[in-house]
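So that the names make sense, note that chain A is the first sequence line, chain B the second, and so on, each numbered from 1. Computation of the quantities below employed the complete heavy-atom set of this structure, encompassing side-chain atoms and omitting hydrogens, waters and symmetry-equivalent molecules.
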Protein chains: 2
Amino acid sequence: MQISDVNQSIANRLHSAAIHLLRRLRKQDEAMGLSQARASALSVVVFGGPVTIGDLAHAEHVSAPTMTRLVIGMERDGLVRRERDARDGRIVWLKPTTKGTRILHEGRRRRVAALAEQLATLTERDRQTLASASQILERLLRAAPRPATGERPVSTTDVRSRRATRR
Amino acid sequence: MQISDVNQSIANRLHSAAIHLLRRLRKQDEAMGLSQARASALSVVVFGGPVTIGDLAHAEHVSAPTMTRLVIGMERDGLVRRERDARDGRIVWLKPTTKGTRILHEGRRRRVAALAEQLATLTERDRQTLASASQILERLLRAAPRPATGERPVSTTDVRSRRATRR
DNA sequence: GTATGTATTTAGCCTAGCTAAACGAATATA
DNA sequence: TATATTCGTTTAGCTAGGCTAAATACATAC
C-alpha cells in the first residue's frame, strides 16, 4: 500500500527527530535543575493548574508512582506546593510556587536559546512548517492511543474541566 | 523581539510534542525488546554500518560509556556483532546481525502501526507538513550544537566517510 | 623507548520509567 | 451500621539509559 509506506516513513522520521531533539535540549534544561520530565509536568501545573497528581500522571501519560516521585522532587526543590483537598482526603492538589513559575519560564527561555541560532538559519517557510507540525502533533497525540480499549482520552487542556465536575 | 518570541514558541511546542510522541511510541518499541535508545542506535548500524562504538556515540549524541552499555545489551540480545579491527586493536566495529536487521524493521513497522490510525485521520496536507518538519528538524539537529566550541559536527550520514579515511 | 594520545570499558552515581502492593479515605451495599 | 469495594496516593523494588572519572590497552610521535 502506498499510503502505509508514506506513514511509515513519517513515523520513523518523526521518531528519530524527536529522540535527537530531546537529547539536544536536555542539557539546557538540566543546567537549571529542570529535567525534561519535570519541565513537561511543571508546565501543566503552571499553565493548567491546580491539578491532582493522578490527573497530572494521565496528562503526562506516565504512571501514578512515576508522577508521585516527580512531584516529591519538585516539592523538595520548591517548584510546586501540595495541598490536601478539604472535602476528599485522598486528593492532593498541586500548585506552582513563585519559584516554580519563574524556573519554568527561564527553562523555556533557555530552551529556545539553545535552538535559536539554528531556528534563525531557517527560512520563514521552514519555521512555519515546524510550528504547524508541532500543533498537528499535539493534536494527534492528545487523541486516545487506541479508541477501542476504553481508556479515557485525557488531554492537558481538559484537566480543569474534568476536575471541575468533582463535588 | 518579535522573531525570538516566535522561535520560543516553536521550540517549546516542539519540545512538548517530542516528549509526548516518544512516550506514545515507547510501548510499541519495548514490546519487542527495542527501547528507543536501541532502536535509534540500531538503525544507524543497520543503515550506516559498519560503525565503531565511538562514532555511534557521536552520531547518537551520547557519551561513549553510554553507548558501550547499549552495545553490550544489543550484543547480548543478538542484535549486533562486535568485530575488532585487524589493524587497530583499540577499535570495535559493529555490524547488524540478521536478527538485528529483522527486529529493526519490525520495530519500524510496529511504530507506524501505533500511529497509523491517527496519521490516517490527517489531511494529505498535514501529513506533508509532518514529513517536511521531520526533515527540517533532522537537518537542523545534525548541525553542531555550538559552532564556536570546536566540537566536530558529526552526522549519521557521514559515519562511513569519516571512517573511510582511517588507515 | 618513553611519552602522549585514542578507543573502549569499568565503576559508580542519578533520573525516570514500570508493576505490585500497601494505605487511607470515600462510597456503595447488604 | 457494618462490610466490601473503589479511588488517589505512596512505598518498595526493579530496569534502562544518561552522566563523569578513571582504568585499560593499543597506536603513534618524539
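Between the CG atom of A:Leu56 and the P atom of D:dG8 there is a distance of 14 Å, given to the nearest Å. We find that CG of B:Asp55 is positioned 8 Å from P of C:dA7, with the value rounded to whole Å. One atom, CD of A:Gln36, and another, P of C:dC14, lie 20 Å apart when rounded to the nearest Å. Protein atom CE of B:Met67 is 15 Å distant from nucleotide atom P of C:dA7, rounded to whole Å. B:Asp88 has its CG atom 7 Å from the C1' atom of D:dC26, to the nearest Å. When rounded to the nearest whole Å, the span between CD1 of A:Ile91 and C1' of C:dA26 equals 10 Å. In this structure, the CZ atom of B:Arg38 is 15 Å from the C1' atom of D:dG18, given to the nearest Å. At whole-Å resolution of the value, CZ in B:Arg87 and C1' in D:dA25 are 20 Å apart.
With sequence neighbours excluded, no residue forms a side-chain contact (heavy atoms from CB on, under 4.5 Å) with A:Thr98. Residues passing the salt bridge (Lys or Arg N to Asp or Glu O under 4.0 Å) test with A:Glu106 are A:Arg102, sequence neighbours excluded. For A:Arg84, the side-chain contact (heavy atoms from CB on, under 4.5 Å) partners at least two apart in sequence or on another chain are A:Val92. The side-chain contact (heavy atoms from CB on, under 4.5 Å) search around B:Ala41 returns B:Leu56, B:Glu60, B:Met67, B:Met74, not counting sequence neighbours.
There is no path of hydrophobic side-chain contacts, each under 4.5 Å, that joins A:Val45 to A:Ile72.
When distances run from any side-chain atom of B:Val92 to the nucleotides D:dT20, C:dT8, C:dG17, the shortest one goes to C:dT8. Of the candidate nucleotides C:dA20, D:dC26, C:dG17, C:dG17 has the atom nearest to the side chain of A:Thr66.
Projected onto DNA chain C by closest heavy-atom contact, B:Ile53 and A:Ala37 fall at different nucleotides, the more 5' of which corresponds to B:Ile53. Along DNA chain C, the nucleotide closest to A:Ala86 and the one closest to A:Ala64 are compared, and the more 5′ of them pairs with A:Ala64.
A side-chain contact (heavy atoms from CB on, under 4.5 Å) with B:Thr52 is found for exactly one of B:Ile91, B:Asp85, B:Leu94, B:Asp88, namely B:Ile91.
Between A:Ser63 and C:dC18, a side-chain N or O to OP1/OP2 separation shorter than 4.0 Å is present. Between A:Thr52 and D:dG8 there is no side-chain polar atom (N or O) within less than 4.0 angstrom of OP1 or OP2.
The line from CG of B:Leu34 to CG of B:Leu42 is 6.0 Å long, rounded to the nearest 0.5 Å.
Residues of residues 68-82 of chain A having a heavy atom closer than 4.0 Å to DNA chain D, listed by number: A:Thr68, A:Arg82.
A donor-acceptor contact shorter than 3.5 Å links the side chain of A:Thr97 to the backbone of A:Gly78. Between the side chain of A:His105 and the main chain of A:Thr101, a donor-acceptor pair closer than 3.5 Å is present.
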Return the polar atom pairs (N/O with N/O) between nucleotides 1-5 of chain C and the protein under 3.5 Å, or none.
unit_1: C:dG5; atom_1: N2; unit_2: B:Arg90; atom_2: NH1; d: 3.0

